[in-house]
Chemist: 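Quick one: the structure is below, questions incoming.
Hydrogens, waters and symmetry mates play no part in the numbers below; they use all other heavy atoms, side chains included.
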Amino acid sequence: MKQLARTTALAALTCLGALLPGLASAQNGYPSKPIRVIVPFAAGSTTDIIARAIADKMSQSMGQTLVIDNRGGASGTIGQQAVATAAPDGYTVMIHSSSHTVSPSTFAKLPFDTVGDFAGITPISSLPNALVISPAKNIKTLPQLLAAARAKPGSMNFASAGQGSATHLNAEKFKMAAKIDATNIPFKGSGEAVTEVLSGRVDYYFSPIAPVIGQIKEGQLLALAVGSPKRAAALPDVPTTSEAGVPGSEFNFWIGMMAPAKTPRDIVHRLHDEVAKALATPEVKERFLKLGADAWTLKPEQFDAYIKDEIASNAQLVKAAGLSVQQ
C-alpha cells in the first residue's frame with residue numbers, strides 16, 4: 001500500500017510539473033509588454049494589410065500594443081527565421097501567408113524547420129487572388145490573355161511577391177493548367193508587384209484582392225479572373241479562372257498567425273481566442289469586406305495539421321511545375 005501511495009504521489013507531482021509552465025504563464029499577467037508581430041513581407045503587401053487590421057483590435061482587447069515589424073525578402077524566409085529563433089515567450093509572433101507552406105519545396109535548405117520550429121495559432125483569412133492586368137495592354141478577357149500568350153510563347157511575364165511565394169505558385173498552377181509559357185518576375189511584396197503591373201512593365205499578376213481592390217474599382221487595373229474555387233464577394237462579376245476556361249487552376253491563398261514552437265500552449269490558445277474575438281468585431285468585418293477577405297479560423301492543433309498537409313500538396317505542385325530550387 002505504501003508503495004502504491006508513493007507511485008500515485010509521484011504521478012501527481014509529474015502531472016503538476018508538466019502543468020506548471022502553463023500555469024506560470026497564465027498567472028504572470030500576459031501580456032505585460034508590447035507584442036512584436038513579424039510580417040515577412042514589405043509594408044503595403046496583403047499580409048501586412050491584414051496584419052494591421054487585426055493587430056489594432058487585438059491591441060485594444062489585450063491592453064498592449066501589437067507592433068508590426070516588416071521583415072521582407074527571400075520569399076518570406078527572412079521573417080520566418082526571425083520568428084523561429086525568437087524567445088518562445090508569447091512576445092514574438094508571425095503573421096504570414098500560405099507562402100509558409102511553399103518555401104520547404106522551393107529552397108534547397110532553410111535555416112529553420114517549417115513544421116518543427118513553429119506553433120500554429122490560427123488562420124486569419126482566406127483571400128482570392130485576382131489576375132490583374134493594365135488596361136493599356138488592351139486585353140479585356142482571360143481568353144484574350146491566353147490567345148496573346150499562345151501567339152508568342154515565352155514573350156509574356158507575370159509578377160509574384162517573391163520566388164516560391166504563394167502568388168508565384170498560384171501563377172504556376174494557372175500556367176500549367178492553361179498550357180502557356182510565361183516568365184516569373186519576383187518582387188519583395190505585393191506593393192512592388194502591383195506598381196510594375198500598373199506601369200505595364202509586367203504583364204499580369206495573381207494578386208490577393210486587398211492591395212488592388214481600389215485600383216480595380218477606379219479602372220487603373222482590370223481583373224480578368226480570380227484564382228479561387230468560387231467567385232470573390234468583393235468582385236462578384238469577375239469569373240473564376242475555371243469559369244473563364246482554365247479548369248484545375250484553383251489556388252487557396254490564406255494568411256495566418258504562428259509563434260515559435262515552444263511558446264506555452266496557454267498563450268497560443270489565448271492568442272487564438274483574441275484573433276477570433278477581433279474577427280467578430282463590426283470594424284474588422286467591415287474592413288475585411290472592403291479588402292475582399294473572408295475571415296477564417298481553426299484551432300491551433302487543426303492549423304498545425306492543415307499546414308503539414310499543405311506542405312505535402314505544394315511539394316507535388318512544385319515538382320509538377322518543374323520549379324527550380326533556390327540554394
Chemist: Is Ile185 reachable from Leu131 through a run of I, L, V, M, F, W or Y residues, each pair having side-chain heavy atoms under 4.5 Å apart?
Modeler: no

Chemist: Any donor-acceptor pair under 3.5 Å linking the side chain of Asp203 with the backbone of Phe158?
Modeler: no

Chemist: Of all heavy-atom pairs between Glu301 and Arg265, which one has the smallest distance, and what is that distance?
Modeler: OE2-NH2, 3.1 Å

Chemist: Is there a donor in the side chain of Gln60 and an acceptor in the side chain of Lys57, or the other way round, less than 3.5 Å apart?
Modeler: yes

Chemist: As a quick check of understanding, evaluate side-chain contact (heavy atoms from CB on, under 4.5 Å) for Leu221 and Val194, giving each step before the final call.
Modeler: CA-CA 9 Å; Leu221 286 172; Val194 171; 4.2 Å; yes

Chemist: I'd like to check Ile209 versus Leu127 (side-chain heavy atoms, cut-off strictly below 4.5 Å). Are they in contact?
Modeler: no

Chemist: When the ring centroid of His168 is compared with that of Phe206, is the distance short of 6.0 Å?
Modeler: no

Chemist: In terms of side-chain heavy atoms, does Asn314 have a donor or acceptor partner in Ser105 at a distance below 3.5 Å?
Modeler: no

Chemist: Please determine whether side-chain hydrogen bond (donor to acceptor under 3.5 Å, both in side chains) holds for the pair Lys277 and Ser61, giving the CA-CA distance in whole Å, both sets of side-chain angles, and the decisive distance to 0.1 Å.
Modeler: CA-CA 9 Å; Lys277 189 191 302 183; Ser61 175; 3.2 Å; yes

Chemist: By ring-ring contact (aromatic ring centres under 6.0 Å, His included), which residues pair with Phe288, not counting sequence neighbours?
Modeler: none

Chemist: Rounded to the nearest 0.5 Å, what separation is found between the OG1 atom of Thr46 and the CZ atom of Phe253?
Modeler: 5.5 Å

Chemist: For a 4.5 angstrom cut-off between non-hydrogen side-chain atoms, does Tyr306 reach Pro123?
Modeler: no

Chemist: When you look at Glu286 and Lys290, which way does the salt bridge (charged side-chain N to carboxylate O under 4.0 Å, His left out) test go after all the steps?
Modeler: CA-CA 6 Å; Glu286 182 179 357; Lys290 291 179 179 178; 3.5 Å; yes

Chemist: When you look at NZ of Lys188, are more than 12 heavy atoms from neighbouring residues, nucleotides or ligands closer to it than 6.0 Å?
Modeler: no

Chemist: To the nearest 0.5 Å, what is the distance between NZ on Lys308 and OG1 on Thr101?
Modeler: 14.0 Å

Chemist: Do Pro40 and Arg71 have side chains that get closer than 4.5 Å, going by heavy atoms?
Modeler: no

Chemist: What are the two closest heavy atoms between Leu142 and Ala244, and how far apart are they?
Modeler: CD2-CB, 3.4 Å

Chemist: Is there a side-chain contact between Ile38 and Arg36 (heavy atoms, below 4.5 Å)?
Modeler: yes

Chemist: Just by distance, do the side chain of Ser32 and the backbone of Gly29 share a donor-acceptor pair under 3.5 Å?
Modeler: no

Chemist: Is a side-chain N or O of Lys173 found less than 3.5 angstrom from the main chain of Glu250, in a donor-acceptor match?
Modeler: yes

Chemist: Quick one: do the Tyr205 and Ser190 side chains pair a donor with an acceptor below 3.5 Å?
Modeler: yes

Chemist: Parallel, tilted or perpendicular: which fits the ring planes of His96 and Phe41, with parallel below 30° and perpendicular above 60°?
Modeler: tilted

Chemist: Judged by atom type as modelled, is there a donor-acceptor pair below 3.5 Å linking the side chain of Asp89 to the main-chain atoms of Tyr91?
Modeler: yes

Chemist: When you compare the side chain of Pro239 with that of Arg231, does any pair of heavy atoms fall below 4.5 Å?
Modeler: yes

Chemist: Can you find a pair of side-chain heavy atoms, one from Gln144 and one from Asn138, that are under 4.5 Å apart?
Modeler: no

Chemist: Rounded to the nearest 0.5 Å, how far does CD1 of Ile49 lie from CD1 of Ile68?
Modeler: 12.0 Å

Chemist: Starting from the C-alpha separation in whole Å, work towards a yes-or-no answer on side-chain contact (heavy atoms from CB on, under 4.5 Å) for Asn252 and Ser126.
Modeler: CA-CA 7 Å; Asn252 182 36; Ser126 60; 3.9 Å; yes

Chemist: When clusters are formed by joining ILVMFWY residues with side-chain heavy atoms under 4.5 Å apart, either directly or through shared neighbours, do Ile307 and Phe112 land in the same one?
Modeler: yes

Chemist: Is there a side-chain contact between Asp56 and Val284 (heavy atoms, below 4.5 Å)?
Modeler: no

Chemist: May I ask whether Ile35 and Leu279 are part of the same hydrophobic cluster, defined by side-chain heavy atoms of I, L, V, M, F, W, Y residues being less than 4.5 angstrom apart, directly or through others?
Modeler: yes

Chemist: Please find the pair of heavy atoms, one from Asp117 and one from Ala84, that lie closest to each other, and give the distance.
Modeler: CB-CB, 3.9 Å

Chemist: Please tell me whether Ile50 and Ile216 are part of a single hydrophobic cluster in this structure, the criterion being side-chain heavy atoms less than 4.5 Å apart.
Modeler: no

Chemist: Give, for atom OG of Ser97 and atom CG of Asp48, the distance between the pair rounded to the nearest 0.5 Å.
Modeler: 12.0 Å

Chemist: Verify whether the ring centers belonging to Phe303 and His272 lie closer than 6.0 Å.
Modeler: no

Chemist: Quick one: does Ser160's side chain have a donor or acceptor within less than 3.5 Å of a partner on Thr167's backbone?
Modeler: no

Chemist: What's the shortest heavy-atom distance between Ala178 and Leu146, and which atoms?
Modeler: CB-CD2, 3.7 Å

Chemist: Just verifying a value: how many Å separate Lys299 NZ and His269 NE2, rounded to the nearest 0.5 Å?
Modeler: 7.5 Å

Chemist: Would you give the length of the straight line joining atom CG of Leu145 to atom NZ of Lys137, rounded to the nearest 0.5 angstrom?
Modeler: 10.5 Å

Chemist: Could you pull out the closest heavy-atom pair between Val93 and Ala259, with the gap in Å?
Modeler: CG1-CB, 4.3 Å

Chemist: Measure from the side-chain N and O atoms of Arg270 to the backbone N and O of Gly90, and report whether any donor-acceptor pair falls under 3.5 Å.
Modeler: no

Chemist: Would you name the heavy atoms of Ala159 and Val202 that are closest together and state the gap between them?
Modeler: N-CG1, 3.3 Å

Chemist: Do Val275 and Met257 make a side-chain contact, defined as non-hydrogen atoms from C-beta onward lying under 4.5 Å apart?
Modeler: yes

Chemist: Judged by modelled atom types alone, do Ser45 and Thr47 share a side-chain donor-acceptor pair under 3.5 Å?
Modeler: no

Chemist: Just do the side-chain contact (heavy atoms from CB on, under 4.5 Å) check on Ile180 and Met156 with the steps written out, would you?
Modeler: CA-CA 9 Å; Ile180 61 172; Met156 274 198 171; 6.0 Å; no

Chemist: Are Phe251 and Phe174 near enough that their ring centres are under 6.0 Å apart?
Modeler: no

Chemist: Grouping I, L, V, M, F, W and Y whenever their side-chain heavy atoms are under 4.5 Å apart, do Val115 and Leu110 come out in a common cluster?
Modeler: yes

Chemist: For the pair Ser59 (side chain) and Leu66 (backbone), establish whether a donor and an acceptor sit closer than 3.5 Å, ignoring hydrogens and angles.
Modeler: yes

